[in-house]
Amino acid sequence: MTDQNNPGDEPKLSKNEIIKANSKFLRGTIAEGLLDDSTGVLVADDTQLSKFHGIYQQDDRDVRRDRRKAGQEPAYSFLARVRVPGGVCTPEQWLDIDRLCTDYANGTLKLTTRQTFQLHGIIKKNLKTTIRKINDSLMDTLAACGDVNRNVMCNPNPYQSRVHADALEMAKSISAHLTPATRAYHEIWLVDENGERENVTSTPDPEVEPIYGKTYLPRKFKIGIAVPPSNDVDVFANDLGFIAVIEDDKIVGYTITVGGGMGMSHGKGETYPRLADVLGFCTPEQVTDVAEKIVTTQRDYGDRADRRHARLKYTIEDRGLAWFRGEVENRLGYPLGQARPFAFDHNGDRYGWVDDENGNSHLTLFIQNGCVIDADDFPMRTGLREIARVHDGDFRLTANQNLIIANISVAKRNEIKVLLAQHKLTDSHAHTGLRLNSMACVALPTCGLALAEAQRYLPDLITELNSVLVELGLRDDAITVRMTGCPNGCARPYIAEIAFVGRSPGKYNIYLGGGFTGDRLNKLYKNSARQEEIIGILRPILERYVTERNNGERFGDFVIRAGYVAETREGRAFHDDFKED
Ligand code: SRM
Ligand code: SF4
């Protein structure tokens, strides 16, 4: 075991480890940088630390080249990711976030693949006010990014309100337990105009991070709670997953999964997406303890030299699941229980109205790629704002970038229905099965890592594919399709039945054969296909699917049976059977 408080023991530590170690528990010089109005950026080391505060420095890539030619610095701004455990927020919080998007960001409100809000385009001088106002709304951005536990996902289940309440409470407990203890966030962001610190009584010196230590985790860490039969949180893509075991409409415990993750790099076979392994079972009372001990095991054994190899999935691959279980049980002081069986039947969302056992109604809306925007012919953002003004229940962000208007009381149901109709939201899910099961990451113009378009291109590609699907009679067939602008996997592409992963502008790797329930990886079918080739590549496969599929056979299962790609469940087999160009 390495001493995580003494990173100097480790040979060849990655640069980020040094930055964290010297950061004074995530302070760095962020506070000073915010006061420097001679530049729109933070200094480089602080841009790494700001991630732990939920903030990414970016620049508008659409204008990068022109500005460079004109001798101007890039159009810098910041992205703020708001932590929303389990994705549940009140109508008041929705209204606050909506207002902040207009007042301080670029007017786009993004629902992410991990049930959070993102605000893009915040300029440096507005950053502090924005973060303070998010906190005023009883939300925060702390640990939304960075080498710590991120937003804890939870199935937003509109079907069983009691089960949802249990699962949500658990997501909140885990989130609270694993939130960094540093007061840096409060000191930097929650200082009012008079320099008075709000919610900050004292800063212990020396400060301690009881769970993380001063160098935090080797890499990001993600947790999701799934409630079968829905695997909408893609539990197997998380570092740590809890699958609810339900008896008599109550959660009696959780099957634990570990070592999932999507990220990889093109051309680097040693990096790969991986589905989580089943580790064991624990009771609800044990969950936060189990989460803590798994986190500290990864803290102490994760790779701090190579950030491409630093996720829990590689720790488990390298050391083995049996070793990992033993280490976690040693720390717990008790053995984990025997994993319980579970069965999932989908990883997407179920749209439309549903009534629960308390007589409340829930409406799941399709929000294309999580982009809450007003278009000339579809005033979605305005409509949701008007609904939030009258709604007396809550909103639930789904892990598929969609939105549930939840707990609509009988008294409000008609009023909300009128607003839905006025803003063309009634038929939000009147789309093909392909579109309804699609996701794309942000990519251009804000993501600094994007190699190709994603959320700005996938809707058009689906429109093109739709004409083929309609012609073939596949209009209503649910097929999961996901697109990312680079191989990092932010829309969890490697478990989609069809995935497009950006290689370079206008070119995508096409992967086929992911499991409809999120339980199987897909595999590379076409390397670096040009946009204009995509329909021609997929059409013959869809034609065969229509004529040759077995009764009820999913597209992802068919492409394996038909021999287009090999079945892939193990991450280390992901790159088998094909050669990179
Ligand atoms: Fe992600 C980095 C956006 C979910 C794997 N992700 C990024 C950054 C911050 C780019 C950067 O580092 O400069 C992207 C910001 C783009 C922008 O302008 O908004 C970004 N990731 C997103 C979001 C917003 C995609 C979306 O359209 O919804 C999702 C925000 C989730 C949240 O609210 O917390 C998002 N990212 C994911 C997921 C899906 C998930 O967690 O279920 C993954 C794959 C799962 C996983 O972590 O293995 C994911 N993002 C990555 C990676 C690759 C990590 C790896 O292990 O290799 C990076 C790059 C990195 O960390 O170096 C990354
Ligand atoms: Fe950016 Fe790549 Fe993530 Fe898409 S997958 S948001 S392009 S890092």
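Every value quoted in this text rests on a predicted model; they were computed, and no experiment measured them. Every heavy atom of this structure was used, including side-chain atoms; hydrogens, water molecules and symmetry mates were not.
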From the list Glu209, Glu17, Lys20, side chain to side chain donor-acceptor pair (under 3.5 Å) with Tyr216 holds only for Glu209
Of Gln368, Gln401, Lys110, the one forming a side chain to side chain donor-acceptor pair (under 3.5 Å) with Gln455 is Lys110
Let's go through Tyr508 and Tyr457 carefully: what are the C-alpha distance in whole Å and the side-chain angles of both, what is the deciding distance for ring pair (Phe, Tyr, Trp, His ring centres under 6.0 Å) to 0.1 Å, and is it a yes or a no?
CA-CA 12 Å; Tyr508 296 85; Tyr457 170 49; 5.6 Å; yes
When rounded to the nearest 0.5 Å, the distance separating CG of Leu119 from CG of Leu109 is 6.5 Å
In this structure, OG1 of Thr102 is separated from CD1 of Ile97 (nearest 0.5 Å) by 11.5 Å
TODO: Kindly say whether Asn402 contributes a backbone atom to a donor-acceptor pair with the side chain of Asn400 at under 3.5 angstrom?
DONE: no
Check: Thr113 side chain, Ala491 main-chain N or O, donor-acceptor pair, under 3.5 Å: no
- Aromatic ring pairing His429/Tyr351, orientation class (parallel under 30°, perpendicular over 60°, tilted between): parallel
Practice item. Give me the ring orientation class for Trp189 and Tyr185: parallel if the planes are under 30° apart, tilted from 30 to 60°, perpendicular past 60°. Key: tilted
For a quick test of reading the model, state the closest non-hydrogen atom pair linking [X] to [Y] and the distance between them.
X: Asp392; Y: Ser409; result: OD2-OG, 2.9 Å
X: Asn231; Y: Ala226; result: OD1-CB, 4.2 Å
X: Leu42; Y: Gln57; result: N-OE1, 2.8 Å
X: Val233; Y: Met153; result: O-CE, 3.3 Å

Salt bridge check, [Y] against [X]: does any charged N sit closer than 4.0 Å to a carboxylate O?
X: Arg456; Y: Asp62; result: yes
X: Asp394; Y: Arg396; result: yes
X: Asp239; Y: Arg311; result: yes
X: Asp136; Y: Lys133; result: no
X: Asp98; Y: Arg381; result: yes

Distance-only criterion, 3.5 Å: show the donor-acceptor pairs between side-chain atoms of residues 410-420 and protein atoms not counting sequence neighbours.
| from | atom 1 | to | atom 2 | distance (Å) |
| --- | --- | --- | --- | --- |
| Lys412 | NZ | Val390 | O | 3.4 |
| Arg413 | NH1 | Asp355 | OD1 | 3.1 |
| Arg413 | NH1 | Ser361 | OG | 2.5 |

Does NZ belonging to Lys507 count more than 12 external heavy atoms closer than 6.0 Å? no
Handout entry: Over 12 non-hydrogen atoms of neighbours within 6.0 angstrom of CZ in Arg308
Key = no
Residues 371-380 vs side chain to side chain donor-acceptor pair (under 3.5 Å), sequence neighbours excluded, gives Asp374-Thr382
- Is the closest side-chain donor-acceptor distance between Asp60 and Tyr76 under 3.5 Å? no
